[in-house]
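Heads up, the thing below is written out as structure tokens.
Index from 1, following the sequence.
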Amino acid sequence: MIDIKNPFEVKILLSYDDFDDDTAAARAVRILKKDLEIEKAHVIVAEHLEDTKAIFNSDPSIQAVMLGVECTHCHNTYQVVEDIRKLNKRVPIFLMSSKNFASDIPTHILEQVSDFIWLLEDTLDFISGRVQAAVKRYRRDILPPMFKALAKFAKVHEYSWHTPGHTGGTAFLKTAVGRDFFNFFGEQVFRSDLSISVSELGSMLDHSGPIGESEKYMAKVFNSSRSYHITNGTSTSNRVVLMASLTRGDICLCDRNCHKSVEHAMTMTGAVPTYLMPTRNQYGIIGPILPETLTANSVREAVKNNKLVKEHMNHTPKHVIITNSTYDGLCYNTTWVRDLLKDSVDRIHFDEAWYGYARFNPIYQNRYAMCCNPQEYDKNNPTIFATQSTHKLLAAFSQASMIHILDGKNSIAHERFNESLMMHSSTSPFYAIIASNDVSSAMMDSHGKDLTQGAIKEAVYFRKTLARINDEMKRNNTWFFNVWQPDTVINPKTGEKVPFFEAEDEWLETNPDCWILHPNDAWHGFGDIADGYTMLDPIKVSVTTPGVMPDGSLADFGIPATLLTAYLDSKGIVVEKTTDFTCLFLFSFGVTKGKWGTLLNALFEFKKAYDYNVDIKVALPKIYEADTKRYAKMGLRDLSEAMFLKMKELNTTKALANAFSELPEPDMTPVEAYEKLVKNEVEALRLDEMVGQTVATGVVPYPPGIPLLMPGENAGLAQGSALTYLKALEAFDEAFPEFSHDIHGVEVKDGKYRILCVKK
């Protein structure tokens, strides 16, 4: 891999079968290697073609390949050329030979190599120069605009008279703690932390220079009319889009499965949210908004029935925001959604925070926002927005995000849109975040298919393995974990159903039909859903624990997923999201067989510890230390049974499904509730005091950060779904404080939940 001490190192792979032979050609190759090394190149020698393939596959930092060809029909060498081109379309490939046999090389190979080296004809200095020139062109071509400019400027080593005050890191070197900080991150981070005063890099606010060129490049890569860098997360991207599109009194159709940033945007804009309710299944997993909810008649009825919509308001929605894919990996057919909504709204906004990779793999065709060619898009169709967290499942720094726009009906001109962007953007951005967006775009541009296919492949291997083990355990009358996925898939050759774990890898890795939610399939639990409307994303893997029946009731035996999460955490494995009986794992580009193999081993270890009722002190040392007296004589199975019994008593899973399946009554808009908060016309109430009260802040269980109650909504009846669910969580947390829930908007005092409500 690239040496972190020298990130700009030139690395060349030289493959020659008889490298150490005492022949004129071999001597020339060795001299050529030395000449390249004198010019500061790192030359890696492979003496066999298999080594050549293995080295190139494992080291993407190689910037040129030199292949020896000393035979007339070198089919193996030609195969290596083809293999390299599958991985990298641009890297220079030189064929080296002491003989002139170019006329015998197949045309399709000639089209894939960059040049020929005649070892005994040209001078070795000349050959070395040609290789170095090719490397320079390659480096110039692969670096995207912003990162190229940033890397160039960072190497100039100019004295800085502008912010930031550490001036390239030198300020940190003046104290011991500062020097440790500098050494920890390395000089390049500080050299690239620059001020907006550096005109060579352009500006994020006026979209000039390399930053502007980078945004044009992003638009090309992600298939949009326009794209924008955002350096403080997709929460900000959502607020930028919504504040550019909405103002006070405008109606916004909001997926109830929305991130809290949408709540913030409703507050900032003064817009009136009209919610679109998604489905829920027996696990509490959020499903899609059903297509019948998105028809023009259904939208009119939803607006008409919204108590916050007054007669004097314009009843035509200005904007709609839908989460795609959902946190659990359900992705819509976006053209279907667009066609359903186009008669109701001119601007459709897909929150794709967890889904920025979809454009780059055909398995997601027509299931992401920017799926239409901007040049051919019918301008009578709605304008489409996509907000994507490039830091979540692409390769970018934390807080890196992008906004993509497909211009259509009632589009927002750049000059107007930019005012909203500037309102939310810092005048002192961290340039490394912008550069990481730039590099992430370049990675997807050149390797998007390979990267996404690799992630899908690893997820499929894991899914099949866990499903097979679960099936074997069932036949042996014992329990194990499973995966939320289809039980069977259709063999595309025979049309017959086969168990998921017996399906061919290629079907599952390439055929979207294997992942479609079909009507009334028991596995997904969303009932009579329209066929083909929704697909499960293969790389978002929900591992299920035993305990839930198909109707959502709890079985006689079960294992709370929170207990599994705590156990995995003790093994250094962090779960993305945990519900009552599911744990979500994201198979990003960095997941390997070794990584998911470790997870699989940990699942086996949990089962063994459970079956043998291993002491909590051994199985969960952090939990034991939190209350040594309670857990002194308790084993893992004892704790699991106690937690499961409490969940069954409180009916938490059913309460969750009910709470998120009903819309609370709105008493005031989010901005009106916020104004009460600012004026301190609020009070903290216990749950038993909240009957009929209006909440002043959102009540948002984490993860995944989906609002249970929005600001301005009524908490409802004592036995209503919202308060029933919150009381169940409060009682569980009181019984098992080491496993308490994280709920934004809730303060816990003496074991009791308190929530800010508007004073009567």
Side-chain angles (χ1 to χ4, degrees), residues 2 8-19 21 23-143 148 442 445-447:
I2 294 177
F8 303 106
E9 177 185 51
V10 173
K11 193 178 288 189
I12 297 169
L13 176 58
L14 189 156
S15 175
Y16 199 81
D17 283 355
D18 303 315
F19 183 79
D21 282 7
T23 64
R27 287 195 296 272
V29 171
R30 292 196 294 272
I31 294 170
L32 178 58
K33 173 181 179 289
K34 288 183 180 179
D35 195 64
L36 290 167
E37 289 173 337
I38 289 171
E39 297 299 325
K40 307 300 184 185
H42 175 39
V43 181
I44 304 168
V45 175
E47 296 190 38
H48 303 287
L49 287 174
E50 286 303 316
D51 288 345
T52 304
K53 289 168 60 176
I55 293 169
F56 190 85
N57 286 346
S58 64
D59 193 346
S61 64
I62 290 169
Q63 296 157 40
V65 181
M66 301 163 65
L67 291 170
V69 187
E70 295 292 356
C71 57
T72 306
H73 302 290
C74 299
H75 301 296
N76 291 337
T77 305
Y78 301 155
Q79 185 59 53
V80 170
V81 171
E82 293 180 330
D83 290 343
I84 289 173
R85 278 289 170 250
K86 288 177 183 176
L87 291 171
N88 191 315
K89 302 291 189 292
R90 297 178 179 177
V91 68
I93 301 176
F94 292 87
L95 295 184
M96 303 182 297
S97 179
S98 59
K99 304 168 186 176
N100 189 341
F101 63 96
S103 60
D104 297 319
I105 300 176
T107 302
H108 73 283
I109 297 298
L110 290 172
E111 291 173 345
Q112 296 184 70
V113 299
S114 308
D115 209 341
F116 297 94
I117 294 173
W118 310 119
L119 291 168
L120 303 181
E121 294 184 13
D122 294 323
T123 67
L124 295 178
D125 281 347
F126 177 72
I127 294 170
S128 173
R130 284 167 59 199
V131 174
Q132 293 172 58
V135 169
K136 287 180 182 177
R137 287 193 298 272
Y138 173 66
R139 290 165 63 87
R140 181 194 64 206
D141 292 341
I142 65 166
L143 293 183
K148 185 190 298 184
D445 189 19
S446 58
H447 297 288

I'd like to check Leu124 versus Asp35 (side-chain heavy atoms, cut-off strictly below 4.5 Å). Are they in contact? no
side-chain contact (heavy atoms from CB on, under 4.5 Å) between Ile62 and Ile12, worked out: CA-CA 6 Å; Ile62 290 169; Ile12 297 169; over 6 Å; no
Minimal heavy-atom distance between Pro92 and Ala134, with the atoms involved, is CG-O, 3.7 Å
Indicate yes or no: at least one non-hydrogen side-chain atom of Trp118 is less than 4.5 angstrom from one of Ser97. yes
Asp59-Ser61 side chain donor-acceptor pair, cut-off 3.5 Å: yes
Please table the atom pairs, donor to acceptor, closer than 3.5 Å between any side-chain atom in residues 43-55 and protein atoms at least two apart or in another chain.
residue, atom, partner, partner atom, Å
Thr52, OG1, Ser15, OG, 2.7
Thr52, OG1, His48, O, 3.1
Lys53, NZ, Asp83, OD2, 3.3

All side-chain hydrogen bond (donor to acceptor under 3.5 Å, both in side chains) counterparts of Arg27, not counting sequence neighbours: Asp22
Residue pair Arg139 / Lys148, side-chain heavy-atom distance below 4.5 Å: no
Mind listing the closest non-hydrogen atom pair of Gly68 and Tyr16 along with its distance? CA-CD1, 3.7 Å
Check whether any side-chain heavy atom of Val131 sits under 4.5 Å from a side-chain heavy atom of Met66, and report yes or no. yes
Looking only at non-hydrogen atoms, find the nearest pair between Gln132 and Glu39 and report the distance. NE2-CG, 3.3 Å
Given Lys11 and Val135, is the side-chain contact (heavy atoms from CB on, under 4.5 Å) satisfied, shown in steps? CA-CA 9 Å; Lys11 193 178 288 189; Val135 169; over 6 Å; no
By salt bridge (Lys or Arg N to Asp or Glu O under 4.0 Å), Asp115 pairs with (sequence neighbours left out) Arg130
Glu37: partners by side-chain hydrogen bond (donor to acceptor under 3.5 Å, both in side chains), with sequence neighbours left out: Lys33
Set of residues satisfying side-chain contact (heavy atoms from CB on, under 4.5 Å) with respect to Asn88, sequence neighbours excluded: Phe56, Arg90, Val91, Tyr138, His447
I'd like to check the side-chain contact (heavy atoms from CB on, under 4.5 Å) partners of Asp21; sequence neighbours left out, ordered by chain and number. Asp18, Thr23, Ala26
Would you give the length of the straight line joining atom CG of Leu67 to atom CD1 of Ile84, rounded to the nearest 0.5 angstrom? 5.5 Å
Return the set of residues passing side-chain contact (heavy atoms from CB on, under 4.5 Å) with Ser446 (not counting sequence neighbours), or none when no residue passes. none
Are the side chains of Ile127 and Phe94 in contact, using a 4.5 Å heavy-atom criterion? no
My understanding is that only one of Val10, Leu13, Ile142 makes a side chain to side chain contact (heavy atoms under 4.5 Å, CB included) with Gln63; could you say which? Val10
Going from CG on Leu32 to NZ on Lys34, what distance comes out if it is rounded to the nearest 0.5 angstrom? 12.0 Å
Rounded at 0.5 Å granularity, tell me how far CD1 in Ile31 sits from CG in Leu36. 12.0 Å
Does Ser114 reach the main-chain N or O of Ile93 with its side chain, forming a donor-acceptor pair under 3.5 Å? yes
Separation between CZ (Arg85) and CD (Glu111), nearest 0.5 Å, reads 11.5 Å
